[in-house]
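Working notes, beginning with the structure itself.
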Amino acid sequence: MASSRLRIAVFASGSGSNFQALTEAVRETGIPAEIALLVCDKPAARVVQRAEALGVQTFLFRPKDYPSREDYEQEIVRRLEAEGVGLIVLAGYMRLITDVIVKPYYGKMINIHPALLPSFPGVGAIRQALEHGVKLTGVTVHFVDGGMDSGPIIAQRAVEVREGDTEETLAERIHAVEHELLPLAVRWIAEDRVTLSDRKVSVRLGE
Ligand code: GRF
């Protein structure tokens with residue numbers, strides 16, 4: 001049965017290098033999906049310019065214009081439904097997400113995190129890893145649950161910490177890995193290879 005392409009909304013707050021890498025990979029490497037929407041809480045962020053350059057429509061909002069987090073999240077959900085979004089990708093979205101979004105999209109929302117979870121969750125993961133002195137860190141793509149970077153893990157890749165690394169040099173190598181791993185995980189989901197049961201994610205590869 002031919003299935004229609006998966007419609008994806010990316011949520012981002014900052015630079016958007018992952019948004020751009022994912023959009024290009026979807027368009028250029030035959031992932032059966034399309035980037036339907038960028039959701040951004042910072043209308044002046046660089047990611048918004050990237051979306052315009054790539055011709056991706058945007059939903060921009062300012063949290064302070066709403067009485068509460070639940071209010072703007074309800075508006076986001078209405079927009080996602082109107083767009084027929086089947087997968088949310090959090091790529092540097094710097095806000096907590098409540099059950100208003102988590103509940104209806106559990107198993108349909110993923111996040112990319114710049115560390116090997118469960119080590120170094122939360123903000124500043126690259127700095128945390130350097131300060132701790134680990135020799136190996138990396139990248140994790142996981143489903144989003146109600147906790148902080150705590151959901152079931154879909155894919156991970158290691159990145160070595162080198163002698164003399166600074167936050168900038170390590171971040172550069174981590175971002176390069178992110179730009180490959182996120183499109184790969186999205187491909188698996190779009191090709192319906194991913195099964196989630198409790199905390200365990202299995203991926204059917206090679207057919
Ligand atoms: C990435 O390191 C991602 O892992 C984290 O936020 C950063 C976003 O970077 N969640 P960019 O905006 O995609 O360049």
Side-chain angles (χ1 to χ4, degrees), residues 8-29 31 33 35-54 56 58-61 76 87-97 101-102 105 109-132 134 136-161 165-189:
I8 297 173
V10 179
F11 288 30
S13 305
S15 158
S17 71
N18 280 284
F19 164 77
Q20 179 161 349
L22 178 62
T23 303
E24 289 172 353
V26 163
R27 290 178 179 176
E28 293 162 17
T29 70
I31 297 173
I35 307 300
L37 190 66
L38 170 74
V39 173
C40 179
D41 59 315
K42 291 207 168 64
R46 170 131 187 253
V47 68
V48 176
Q49 294 160 26
R50 294 190 200 252
E52 279 159 12
L54 289 159
V56 174
T58 57
F59 176 70
L60 310 179
F61 67 100
I76 292 173
L87 179 68
I88 298 172
V89 175
L90 305 183
Y93 181 66
M94 299 304 285
R95 298 204 159 260
L96 291 175
I97 290 190
I101 299 178
V102 174
Y105 288 93
M109 175 159 52
I110 65 174
N111 178 48
I112 181 152
H113 184 75
L116 290 178
L117 292 170
S119 292
F120 312 124
V123 293
I126 297 173
R127 183 179 30 79
Q128 288 183 57
L130 270 179
E131 284 174 357
H132 195 92
V134 291
L136 207 57
T137 183
V139 176
T140 303
V141 179
H142 63 91
F143 284 111
V144 176
D145 62 11
M148 174 65 84
D149 300 320
S150 57
I153 291 170
I154 303 165
Q156 291 187 300
R157 245 185 222 167
V159 174
E160 243 180 277
V161 180
D165 255 340
T166 62
E167 208 174 320
E168 288 69 36
T169 58
L170 181 55
E172 200 175 314
R173 297 201 309 286
I174 285 182
H175 285 313
V177 171
E178 288 183 331
H179 298 165
E180 290 181 8
L181 195 65
L182 182 60
L184 182 63
V186 167
R187 174 185 291 282
W188 290 342
I189 292 168

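These values consider heavy atoms only, across backbone and side chains, with no hydrogens, waters or symmetry-generated copies. Counting starts at 1 for both ligands and their atoms, in listed order.
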* Should Ile110 and Val186 count as side-chain neighbours, where that means a heavy-atom distance under 4.5 Å? -> yes
* Flag the pair Arg27 / Leu54 as yes when at least one side-chain heavy-atom distance between them is below 4.5 Å, and no otherwise. => yes
Please, which pairs that meet salt bridge (charged side-chain N to carboxylate O under 4.0 Å, His left out) have at least one residue in [range], sequence neighbours excluded?
{"range": "residues 178-187", "value": "Arg157-Glu180, Arg187-Glu191"}
{"range": "residues 166-177", "value": "Asp165-Arg173"}
{"range": "residues 36-45", "value": "Asp41-Arg95"}

* Interatomic spacing from CG in Leu90 to OH in Tyr105 - rounded to 0.5 Å -> 12.5 Å
* Structure fact -> Close residues (non-hydrogen atom under 4.0 angstrom from ligand 1) work out to Ser15, Gly16, Ser17, Asn18, Gly92, Ile112, His113, Pro114, His175, Glu178
